[in-house]
There are 2 protein chains.
Amino acid sequence: MENQDIKKAGLKITLPRVKILTLLEKHGGHLSAEDVYKILLEEGEEIGLATVYRVLTQFEAAGLVVRQNFEGGQSVFEIDSGDHHDHLVCLKCGKVEEFLDTTIEKRQEAIARKLGFTIKDHALVIYGYCDKPECNQD
Amino acid sequence: MENQDIKKAGLKITLPRVKILTLLEKHGGHLSAEDVYKILLEEGEEIGLATVYRVLTQFEAAGLVVRQNFEGGQSVFEIDSGDHHDHLVCLKCGKVEEFLDTTIEKRQEAIARKLGFTIKDHALVIYGYCDKPECNQD
DNA sequence: GATGATAATGAGAAATCTTCTCATTATCAT
DNA sequence: ATGATAATGAGAAGATTTCTCATTATCATC
Ligand SMILES: [Mn+2]
Ligand SMILES: [Mn+2]
Ligand SMILES: [Zn+2]
Ligand SMILES: [Zn+2]
């Protein structure tokens, strides 16, 4: 249940928080703060955009969601399943695919070690065109 | 000479363009539009921030510079040497290191192929702490 | 279940980064 | 040198995100 996750994060169980977390779980994909805001409005919820931004940032700090900064426009958020992964983004239709490549992950560690960096996080996003007919070719 | 690069891009040789390109070449590293603007002002140039943004975007389109979207804050620009590379960024001091790993590059191709994507571009940024004493640890 | 200290919310203002508009000025082919 | 056209600079405006603060909700305690 979402309520336990919220409580564990040291946050009070409020309607906006439950609605936002439930929506992200139900949706499963990548949503911007404004996406979340609009969907909840359409569902008849009373919520403020500032609250959505605030809560998503709190959820991120609590490890409940992950923020992705794809190029251009807004950040998007997704449930933190615990399994790190990277992304492919279609420049035409916006479709997002996920992948995890242990070879890449290991190489990153080696590179950081060689250059004296302690890795805290990383972001690998491949931009291109997906295989849908209307997206193919430049 | 910068002038030829600008001309080849189909752009007129103007003082702002020459100054911006020269500064990026001289500096060698990663500069935000505002960095460029402030440095040129300090050097006594008369230039507008809008021009800096406009010109950097034109240079990017022309393949003269590359834009990097590191998380938080402004985009930064660097001369496009033609050699693609990725980045490590220190979260404490902002230091940026560059690297190129052919293993990672090849794996990305394989992943895109498997998922039906045609790669147009990619961004790999490793965030962490560099080996300077004041940056080490958390 | 009622009470109250405290945290959370929502609306709008504001901050931040970037692009746009448009009158003025510079470039460059002729 | 001239003129068509492109570029510039200042400020307005757009886009995204955060902040402020008065009002409201939560929840530990009674
Ligand atoms: Mn994802
Ligand atoms: Mn670089
Ligand atoms: Zn697509
Ligand atoms: Zn550092």
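Note that these values count all heavy atoms, side chains included, but never hydrogens, waters or copies made by symmetry. Every chain is numbered from 1, with letters handed out A, B, ... down the list of sequences.
For A/Tyr127 and B/His122, the gap between ring centers reaches or exceeds 6.0 Å. For B/His87 and B/Phe70, the ring centers are positioned less than 6.0 Å apart.
If you check every strand for non-hydrogen atoms under 4.0 Å, A/Ser32 touches nothing.
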### Message
Between A/Leu88 and A/Val96, does the side-chain contact (heavy atoms from CB on, under 4.5 Å) criterion hold? Intermediate values first, please.
### Response
CA-CA 6 Å; A/Leu88 284 107; A/Val96 177; over 6 Å; no
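Between A/Ile111 and B/Ile104 the shortest side-chain heavy-atom distance falls below 4.5 Å. A 4.5 Å side-chain heavy-atom check between B/Thr51 and B/Tyr37 finds every atom pair outside the cut-off. A 4.5 Å side-chain heavy-atom check between A/Lys92 and A/Glu134 finds every atom pair outside the cut-off. Side-chain atoms of A/Leu64 and A/Leu21, non-hydrogen and from C-beta on, do get closer than 4.5 Å to each other.
A salt bridge links B/Lys26 with B/Glu43: the closest approach of a Lys/Arg side-chain nitrogen to an acidic carboxylate oxygen falls below 4.0 angstrom. A salt bridge is defined here as a Lys NZ or Arg NE, NH1 or NH2 lying under 4.0 Å from an Asp or Glu carboxylate O, and B/Lys95 with B/Glu97 meets this definition.
Judged by closest nucleotide on DNA chain C, A/Lys12 is the one of A/Lys12 and B/Leu11 placed further toward the 5' end.
Atom C1' of nucleotide D/dT17 and atom CG of A/Asp35 are separated by 15 Å, given to the nearest angstrom. Between B/Ile13 atom CD1 and C/dA26 atom C1' there is a gap of 13 Å when expressed in whole angstrom units. In this structure, the CG atom of A/Leu56 is 15 Å from the P atom of D/dT16, given to the nearest Å. The CG atom of A/Asn69 sits 14 Å away from the C1' atom of C/dC17 (whole-angstrom rounding). In this structure, the CD1 atom of A/Ile6 is 14 Å from the C1' atom of D/dA25, given to the nearest Å. Nucleotide D/dA25 holds its C1' atom 15 Å from the CD atom of A/Glu45, rounded to whole Å.
The side chain of A/Tyr53 places an N or O atom within less than 4.0 Å of a non-bridging phosphate oxygen (OP1 or OP2) of D/dT17. Taking 4.0 angstrom as the limit, A/Ser75 places a side-chain polar atom (N or O) nearer than this to OP1 or OP2 of D/dT17.
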## Note on the structure
In B/S/- notation (B base, S sugar-phosphate only, - none; protein heavy atoms under 4.0 Å), nucleotides 9-16 of chain C written 5' to 3' is BBBB----
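Note on the helix from C/dG1-D/dC30 to C/dT30-D/dA1: angle between the axes of the first and last five pairs equals 30°, rounded to 10 degrees.
With 3.5 Å as the limit, one finds no donor-acceptor pair spanning the side chains of A/Glu78 and A/His27.
Using a 4.0 Å cutoff on non-hydrogen atoms, no part of residues 19-31 of chain A comes near DNA chain C.
At least one donor-acceptor pair under 3.5 Å links the side chain of B/Arg17 to the backbone N or O of B/Lys12.
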